[in-house]
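In what follows, a single structure is set out as structure tokens and then discussed.
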Amino acid sequence: MSVLGGPSLGPAATTAPSTPPPGRGRRGVGPGMALGIGAGTLWLSLIVLIPIAAIVARSVDGGWSAFVDAITSDAAVAALKVTVGTSVVVTLINAVVGVQIAWVLTRDSFPGKRLLDALIDLPFALPTIVASIVLLSLYGPDSPVGIHVQQTKIGLGIALLFVTLPFVVRTVQPVILELDRDAEQAAATLGSTWWTTARRIVFPALAPALLSGAGLAFSRAIGEFGSVVLIGGGIPKQTEVSSQYIRSLIEQDSPQDAAAVSVVLLALSFVVLLVLRLAGDRLSRREAPTRATKTDG
């Protein structure tokens, strides 16, 4: 009974729910955050947006008809076909091999592991023209291993494989480190085959990172120049990639045509990255409830 003679309602009823004062709990944009956003936007504009806008404007200096003529010429289309076709094949190969290398570096222990792990980053630090010289010495006319692939699409692919492999390995490797090994062991205990475990447990967790790494590798491949200069040879309509074709246009004093082809490469790279990023985000959201269920269990 309460002091007034009525029934006691207990602490939960006598304590009024606390209501935060107006404005509390809402994090507005403070001066520091506003300064950071402004500085980031300015830097992004100076380094990325303004140069992109400049090259787009340069590509249409002669009008849209000149832009279309530049990107639909026989030489431009041939260079784009070589670039995109080789880049797609290289990306698919690196997507498979890169995951295997990342898995070995993460899960296995063997002599020379640290050295191999350091070598993966070599294409990041090595000037691409040096990579082309190395590949030419190894696979050129005087090849010490008896393999001559200079001025062939195979040589072109080898160069692109070399410079794009780290993107897949370094993107997937952290995700492999965080994989739930208990789920893999439980699946093996229940008699699941390696392929079933990989398909049901491992691959869904790796897919977003793999798509991101593949997108970066593809974007690097379609814009690569230095590593393919010597080993590819730049033969028009055979091994000439778009970056080499752009250089030839500049040497021919056709900057508007060069800018037009550059815009096509830029748009292609952006679309591929955007599509793969959206696909990766969708897979991540689909995988999140599954992880939460496993955690609760």
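Throughout, residue positions are numbered sequentially from 1 according to the sequence presented.
Contact check for Val82 versus Glu240: no side-chain heavy atoms found under the 4.5 Å cut-off. Put simply, the side chain of Val90 reaches to within 4.5 Å of the side chain of Thr164, judged on heavy atoms.
Every pair passing ring-ring contact (aromatic ring centres under 6.0 Å, His included) that includes a residue from residues 115-162 is listed here, sequence neighbours excluded: Phe124-Phe167.
For Lys237, the side chain to side chain contact (heavy atoms under 4.5 Å, CB included) partners at least two apart in sequence or on another chain are Asp74, Ala78. In this structure Trp43 satisfies the side chain to side chain contact (heavy atoms under 4.5 Å, CB included) test together with Ile47, sequence neighbours excluded.
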Could you walk me through whether Arg247 and Gln244 pass side chain to side chain donor-acceptor pair (under 3.5 Å), step by step?
-> CA-CA 5 Å; Arg247 184 190 66 173; Gln244 293 175 302; over 6 Å; no
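Side chain of Gln151 to backbone of Gly232: no donor-acceptor contact under 3.5 angstrom is found. Using modelled atom types, no side-chain atom of Thr239 and backbone atom of Thr152 make a donor-acceptor pair closer than 3.5 Å.
Taking the charged nitrogens against the carboxylate oxygens, Arg170 and Asp121 do have a contact shorter than 4.0 Å, which makes a salt bridge. Under the 4.0 Å criterion applied to side-chain N and carboxylate O atoms, Arg58 and Asp257 are not assigned as salt-bridge partners.
Remark: the Ser248 side chain and the Glu251 side chain contain no N/O donor-acceptor pair separated by less than 3.5 Å.
Between Val168 and Val99, the closest heavy-atom pair is CG1-N, 4.3 Å.
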